[in-house]
Amino acid sequence: MEIVWVSAIPVAELPEKRDNALYTSNIFEPLVLPDKSDQPQVRKYTFKLSSKELSPDGFSRTCYLVNDQYPGPIIQAYKGDTISVEVVNDLSVETAMHWHGMFQRGTPWYDGVPGMTQCLLASKSSLTYEFSVDEQSGTYWWHSHYKAQYLDGILGPLIIHDKNDPYVKEYDYELVLTLTDWYHAIAGDLLAGLLTPGYKGLNVSLVSGKGRYNCDAAPGSKCVKNSPYAVYKVKKGKKYRFRIINTSAEAFFALSIDSHTMKVIEVEGTLVKSVEVKQIALHVAQRFSVIVEANQEVGNFWIRANMSKSCIANNNFTINTNSAVNYDVRAILSYEGADDKEPTSSAYPDEVKPCRNLDSKLLKPLIDSPCPEKTESVSFNVTFDKIKNVTAAKIDNSSYVPTFDSPTLLQIINDGINVKDLPTTQNIQEFDNENGVVEITVFNTNPANHPFHLHGQTFYLLGEGSGQKVNETLNTNDPPIRDTTVVPSNGWSVIRFKTDNPGVWNFHCHIEWHIEIGMVKQLIVNPSKIRSLKVPDSVKNLCKAQTY
Ligand SMILES: *[C@@H]1O[C@H](CO)[C@@H](O)[C@H](O)[C@H]1NC(C)=O
Ligand SMILES: *[C@@H]1O[C@H](CO)[C@@H](O)[C@H](O)[C@H]1NC(C)=O
Ligand SMILES: *[C@@H]1O[C@H](CO)[C@@H](O)[C@H](O)[C@H]1NC(C)=O
Ligand SMILES: *[C@@H]1O[C@H](CO)[C@@H](O)[C@H](O)[C@H]1NC(C)=O
Ligand SMILES: *[C@@H]1O[C@H](CO)[C@@H](O)[C@H](O)[C@H]1NC(C)=O
Ligand SMILES: *[C@@H]1O[C@H](CO)[C@@H](O)[C@H](O)[C@H]1NC(C)=O
Ligand SMILES: *[C@@H]1O[C@H](CO)[C@@H](O)[C@H](O)[C@H]1NC(C)=O
Ligand SMILES: *[C@@H]1O[C@H](CO)[C@@H](O)[C@H](O)[C@H]1NC(C)=O
Ligand SMILES: [Cu+2]
């Protein structure tokens, strides 16, 4: 075997020299942390979006890349800093950038959801997104929030360090690892295909942008065999904090490293009491930090990202899969001084349940955070249906239809519309109590699992179960705090959060195919407060410049 020390694609010439060059490390190298300064800093990045050929799994296709990198540049900042990213759209299509997990308190217009918080960023235009990260630290990511474009390459890690992180002494280096399913067609075409029965789309999976496609399955295509595995180099005796991000469209992953255990310390920005596991479960948009100690004999070990076939619903409602898909996705953990032979290490038996959250009982917040009493409750009922022969996803019998030319947030602020007057296809839920605590129960009446993600805040996950009735005791004492949770097939989940961050917050299933067919709710938090916010002209101007 050839272990290739994979280096990132060189950063293209940037419009001007900014922090990019300093912190956008090669994803396979330990993070180079930004300078620690006593004063909060503005961390400035420029993201140039362009269309390029790339073959991360050997198969060559057109991708949408940021600064010519896949995965895109790693944004890093310290808690308290301001992140400022100039997004320059050199694609021939529109886009919008979402900063996944950022609270955006006071800047809801930078959340990057077209139709809710901004108009689309037209081809050949730019927008600087600027937001502070005062209240949060941890492992996040950024991605396009338009037409599943992140599956074409527009995504990357976003790491907020905490100078007072209590775990910082327990590891020597930090590494970032991303997991994704990968397709050989532009996502926009896949979306169209989704509505065509029997379409076969999913091809392979990637660990940190590297995978291996069986080129024999695609005769006549531009495909190079034995594409190199992703390789993470470690030194014997050292400890590594792996920041793991599931950036896939649909696939569920069970991740393990042969012969090594993983000490989980963070889930989606919240530190947890450390717990040792052999395998972690990652649904769409979920993130973990784990500490891995390089405590074995010098050698090479498989990193296994087992993609569970059973969780990829092979039906008309999702993307279909085919038998040539490689579900056994691998990368390599290679000790310094090891030979260049392929690992011969063997896998642990499965520890996690396919398609489900990692057991919530394992994820106790490090700082005691009992859940506040609720002030109101709502429930959402998720179903699939057909509208004019086309599959639609519905919440409470209504499929969300975005209004790209008049985002809800701007309608409320600029036009002073009454939220209640919005059409039913806007799937609005209003919460106008700034001291409120809302409890949402999501009922899922179909056999697919739905990883629901809430923008603008984290939530307490009080419980989840089977059936159409909440029949288990909810945990209000020490529930996990997350921003994404899997609503189980034919089951329910109960979450709670404080309605103290004014904005229009997207609450949606993160399976791209389900978003696009309407599995979305707009939570309008404190509309009376929203009206007094001042939208920057740069954001308003996007709507004036609309050409679509
Ligand atoms: C790979 O993807 C292409 C394009 O989506 C599809 O036509 C093809 O059937 C897939 N093939 C395999 C073997 O996965
Ligand atoms: C992560 O995994 C789940 C499957 O559990 C998948 O549906 C989801 O889309 C993946 N992607 C992200 C971004 O988390
Ligand atoms: C899925 O599509 C096929 C082909 O059009 C159709 O025969 C079948 O009834 C559909 N199944 C469901 C559950 O809609
Ligand atoms: C891992 O993959 C195997 C083979 O596809 C499957 O049987 C098993 O259920 C998977 N494990 C998990 C936890 O998904
Ligand atoms: C959700 O909607 C479905 C279909 O209309 C219905 O059968 C089910 O009882 C509803 N569930 C709840 C909890 O309201
Ligand atoms: C819907 O699909 C059915 C069965 O394929 C077909 O007979 C009917 O004409 C279609 N209706 C519309 C409005 O396209
Ligand atoms: C769902 O809405 C449709 C109209 O869009 C209506 O005909 C139907 O009765 C509604 N179903 C339920 C369960 O409310
Ligand atoms: C709740 O209901 C589901 C579905 O009917 C059942 O599988 C589960 O065992 C029940 N749980 C309890 C605690 O009764
Ligand atoms: Cu879904």
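Whatever order the structure lists them in is the order used to number ligands and atoms, beginning at 1. This chain uses plain numbering: 1 for the first residue, then up along the sequence.
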*Asks:* Considering all protein heavy atoms, does one lie under 4.0 Å from atom 2 (O) of ligand 8?
*Replies:* yes

*Asks:* Look at the aromatic rings of His453 and His510 and report parallel, tilted or perpendicular, splitting at 30° and 60°.
*Replies:* tilted

*Asks:* Could you list the atoms of ligand 8 found under 4.0 angstrom from a heavy atom of Glu472?
*Replies:* 11 (N), 13 (C)

*Asks:* Say whether Gly465 and ligand 8 are in contact under the criterion: heavy-atom distance to a ligand atom below 4.0 Å.
*Replies:* no

*Asks:* For Asn471, take its heavy atoms, then give the atoms of ligand 8 lying under 4.0 Å from any of them.
*Replies:* 1 (C), 2 (O), 3 (C), 8 (C), 10 (C), 11 (N), 12 (C), 13 (C), 14 (O)

*Asks:* Parallel, tilted or perpendicular for Phe497 and Phe431, by the 30°/60° rule?
*Replies:* perpendicular

*Asks:* If we count only non-hydrogen protein atoms and require a distance under 4.0 Å, does atom 5 (O) of ligand 8 qualify as touching the protein?
*Replies:* no

*Asks:* Asp396 side chain to Asn381 main-chain N or O, any donor-acceptor pair under 3.5 Å?
*Replies:* yes

*Asks:* Using the ring centroid of each side chain, check whether His98 and Tyr146 are separated by less than 6.0 Å.
*Replies:* no

*Asks:* Under 4.0 Å from a heavy atom of Asn381: give me the atoms of ligand 5 that qualify, with their elements.
*Replies:* 1 (C), 2 (O), 3 (C), 8 (C), 10 (C), 11 (N), 12 (C), 14 (O)

*Asks:* Among all protein non-hydrogen atoms, which one is nearest to atom 7 (O) of ligand 8, and what is the separation to 0.1 Å?
*Replies:* Ser466 CB, 4.2 Å

*Asks:* Could you check, using the six-membered ring where one of them is a Trp, whether His260 and Phe301 have ring centers closer than 6.0 angstrom?
*Replies:* yes

*Asks:* May I ask you to check if Lys521 and Phe380 form a cation-pi contact, with NZ or CZ under 6.0 angstrom from the six-membered ring centre and within 45° of the axis?
*Replies:* yes

